[in-house]
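Just so you know, these numbers come straight off a predicted model, no measurement behind them.
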2 protein chains.
Amino acid sequence: MARSARQSKILEIISTYEVDTQEDLVLKLRELNFDVTQATVSRDIKELGLIKILSNETGKYKYAFADTNSQASNKYIFLLKEAVISLKTIKNFVIVRTLKGMASSICSIIDKFNLEDVMGCVNGDDTVMIIFSNNEESEYALNRLENIINS
Amino acid sequence: MARSARQSKILEIISTYEVDTQEDLVLKLRELNFDVTQATVSRDIKELGLIKILSNETGKYKYAFADTNSQASNKYIFLLKEAVISLKTIKNFVIVRTLKGMASSICSIIDKFNLEDVMGCVNGDDTVMIIFSNNEESEYALNRLENIINS
DNA sequence: AATATATATGCATAATTATACAAACAATCT
DNA sequence: AGATTGTTTGTATAATTATGCATATATATT
């Protein structure tokens, strides 16, 4: 089922581009081979609890994460559970293995958790690397992520 | 000009009721003698940076404050500046005098600032009373509010 | 005061979004 | 397997929201 993949891709897209209509999102998804209609995107947005706000930079509307919506964070956690295969820590890094093609989406979800002392978060196709300021913090974050995923 | 009054009334309305359409808001405003159309409400919502989110309680859409929008908070501050006449503190209270009829709106804006140790916030027609847990906190909050208003 | 300029609003409508309904598809049961 | 039930999606459209343009109202300028 492409549903989960599509939804996390949506999270990634809106954290990368300023998407101001659902039709826009449809086009971007189609470029990425998600054959989808506006109706479905409307439903996804509802489930993900995304909101349309005025962008501070451009003054135009854009879709964004709604930090205030707990149903939404549940959804993010669900997506993490779906896509994360393994978690480990080496030195000041946490390495997250994901389903193929999902790493960038997972990266943007992890960003949303605002983990302490994160220096940065990069990804390939199926791997996310979170860089911390020191080894202790990465241990701690690994724990937190494991707890989230097993909750 | 009724514009500021109307906008702060909108803030009050959405923090009191679950408003799910602009037409709804128009009706509520009309009950309060703000003769207004949906077009104007649409523009107000844009300026106030309000968002439409899924209500966690009812599962329906509703308008809400967007905490993430700095243009919006500027707007709240502007409304405070417009409507607040005086600020003083007595014991563990801060007393805010406002333009007539604006107290309830100002109350809901002040709520948004999440001041420390607020026990509660009540209002009449032109007066807001913020109750703190102790006298020091009310002094401190008075200062913060003064700074906000004179910024 | 008269004129010019800026701001706010309504009307009409374009643009956008949500959803009822039907169809496709998947999962479960007998 | 076939029947049953639940889930996801598209189509078509209803519902909602944003906005161009005209007008009114306020503000500033001479």
Side-chain angles (χ1 to χ4, degrees), chain A residues 1-10 13-14 17-30 32-55 58-66 69 71-72 74-75 78-79 81-83, chain B residues 1-11 13-14 17-30 32-55 58-66 69 71-72 74-75 78-79 81-83 99:
Chain A
M1 202 206 340
R3 192 162 160 272
S4 286
R6 185 186 63 238
Q7 292 192 344
S8 57
K9 189 56 77 173
I10 287 175
I13 291 172
I14 67 158
Y17 304 101
E18 304 229 325
V19 178
D20 67 335
T21 65
Q22 296 182 1
E23 209 53 58
D24 236 52
L25 203 43
V26 168
L27 294 178
K28 290 219 162 41
L29 284 166
R30 284 190 181 153
L32 298 163
N33 279 98
F34 289 92
D35 188 7
V36 84
T37 63
Q38 175 268 326
T40 298
V41 166
S42 170
R43 294 178 185 116
D44 285 342
I45 283 170
K46 186 171 189 173
E47 285 173 34
L48 293 167
L50 301 181
I51 57 177
K52 203 171 181 176
I53 53 169
L54 263 198
S55 159
T58 65
K60 291 177 63 184
Y61 280 103
K62 69 166 180 182
Y63 279 100
F65 293 85
N69 189 316
Q71 257 168 299
N74 287 342
K75 193 72 201 188
F78 176 77
L79 291 171
K81 289 181 187 191
E82 286 264 298
Chain B
M1 202 205 340
R3 192 161 162 272
S4 286
R6 185 187 63 238
Q7 292 192 345
S8 56
K9 189 56 76 175
I10 288 174
L11 296 177
I13 291 171
I14 66 158
Y17 304 99
E18 303 230 325
V19 179
D20 67 336
T21 67
Q22 296 182 2
E23 209 54 57
D24 236 51
L25 204 41
V26 168
L27 294 178
K28 289 219 164 41
L29 285 167
R30 284 189 182 154
L32 298 164
N33 279 98
F34 289 93
D35 189 6
V36 84
T37 62
Q38 174 270 325
T40 298
V41 167
S42 170
R43 292 176 185 117
D44 285 340
I45 282 169
K46 188 172 189 173
E47 286 172 35
L48 292 167
L50 300 180
I51 57 178
K52 202 171 181 176
I53 54 169
L54 262 197
S55 160
T58 65
K60 291 178 62 182
Y61 280 104
K62 68 167 181 182
Y63 279 101
F65 293 85
N69 189 315
Q71 257 167 298
N74 287 342
K75 192 71 201 189
F78 176 76
L79 292 171
K81 288 181 187 191
E82 287 262 298
L99 294 177

Less than 4.0 angstrom between a side-chain N/O of [X] and OP1 or OP2 of [N], yes or no?
X: B:Arg3; N: D:dT25; result: no
X: B:Thr37; N: C:dG10; result: yes
X: A:Lys46; N: C:dT19; result: yes

Looking across every strand, which nucleic acid part, if any, lies under 4.0 Å from [X] by heavy atom: base, sugar-phosphate, or nothing?
X: A:Asp24; result: nothing
X: A:Ser42; result: base
X: A:Val36; result: sugar-phosphate

Test applied, side chain to side chain contact (heavy atoms under 4.5 Å, CB included); reference residue, B:Ile45; option that passes from B:Thr40, B:Ile14, B:Leu25: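 Result: among B:Thr40, B:Ile14, B:Leu25, B:Leu25 is the only option passing the side chain to side chain contact (heavy atoms under 4.5 Å, CB included) with B:Ile45.
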[atom2] on [Y] to [atom1] on [X], rounded to 0.5 Å:
X: B:Ile51; Y: A:Leu54; atom1: CD1; atom2: CG; answer: 11.5 Å
X: A:Tyr61; Y: A:Asp20; atom1: OH; atom2: CG; answer: 11.0 Å
X: A:Leu50; Y: A:Phe65; atom1: CG; atom2: CZ; answer: 7.0 Å

Could you check how far [atom1] of [X] sits from [atom2] of [N], rounded to whole Å?
X: A:Ile10; N: D:dT9; atom1: CD1; atom2: C1'; result: 13 Å
X: A:Asp44; N: C:dA18; atom1: CG; atom2: P; result: 11 Å
X: A:Leu50; N: C:dA18; atom1: CG; atom2: C1'; result: 15 Å
X: B:Leu48; N: D:dA18; atom1: CG; atom2: P; result: 12 Å
X: A:Phe34; N: D:dT8; atom1: CZ; atom2: C1'; result: 15 Å
X: A:Gln7; N: D:dT9; atom1: CD; atom2: P; result: 8 Å
X: B:Asp35; N: D:dA24; atom1: CG; atom2: P; result: 16 Å
X: A:Gln38; N: D:dA12; atom1: CD; atom2: P; result: 13 Å

Base-paired stems that DNA chain C participates in, counting runs of 3 or more Watson-Crick or G-U pairs under 3.5 Å: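 Counting only runs of 3 or more consecutive pairs, the stems involving DNA chain C are C:1-30 with D:1-30.
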Counterpart residues, side-chain hydrogen bond (donor to acceptor under 3.5 Å, both in side chains), relative to A:Asp44 (two or more places apart):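 Checked A:Asp44 against side-chain hydrogen bond (donor to acceptor under 3.5 Å, both in side chains); matches are A:Arg6, A:Gln7.
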Residues in side-chain hydrogen bond (donor to acceptor under 3.5 Å, both in side chains) with B:Lys28, at least two apart?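 None.
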Please list, for nucleotides 20-26 of chain C, all pairs of protein and nucleotide N/O atoms separated by less than 3.5 Å.
from, atom 1, to, atom 2, distance (Å)
C:dA20, N6, A:Arg43, NH2, 2.9

Go through the steps for A:Arg30 and A:Asp35 under the test side chain to side chain contact (heavy atoms under 4.5 Å, CB included), then give the verdict. CA-CA 5 Å; A:Arg30 284 190 181 153; A:Asp35 188 7; 4.1 Å; yes
Please write out each protein N/O paired with an N/O of nucleotides 14-16 of chain C under 3.5 Å, distance rounded to 0.1 Å.
from, atom 1, to, atom 2, distance (Å)
C:dT16, O3', A:Lys52, NZ, 3.2

Stepwise side chain to side chain contact (heavy atoms under 4.5 Å, CB included) check, A:Ile10 with A:Val19: CA-CA 10 Å; A:Ile10 287 175; A:Val19 178; over 6 Å; no
To check you understand the geometry: which heavy-atom pair defines the closest contact between B:Ile53 and B:Ala64, and what is its length?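 Nearest heavy atoms, B:Ile53 then B:Ala64: CD1-CB, 3.8 Å.
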Apply side-chain contact (heavy atoms from CB on, under 4.5 Å) to B:Gln38 and list each qualifying residue two or more places apart in sequence or on a separate chain.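 Once residues adjacent in sequence are excluded, the partners of B:Gln38 under the side-chain contact (heavy atoms from CB on, under 4.5 Å) criterion are B:Gln22, B:Glu23, B:Val26, B:Ser42.
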Taking only residues two or more places apart in sequence, or in another chain, which ones meet A:Lys9 in a side-chain contact (heavy atoms from CB on, under 4.5 Å)?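 Scan of A:Lys9 (side-chain contact (heavy atoms from CB on, under 4.5 Å), adjacent residues dropped) gives A:Glu12, A:Ile13, A:Leu29, A:Leu32, A:Phe34, A:Ser104, A:Ser105.
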Between B:Thr40 and B:Tyr61, just flag the one whose closest nucleotide in DNA chain C comes earlier from the 5' side.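 Whichever sits nearer the 5' end wins; that is B:Thr40.
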For B:Glu18, which of B:Lys52, B:Lys62, B:Lys60 qualifies under salt bridge (Lys or Arg N to Asp or Glu O under 4.0 Å)?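 That would be B:Lys62.
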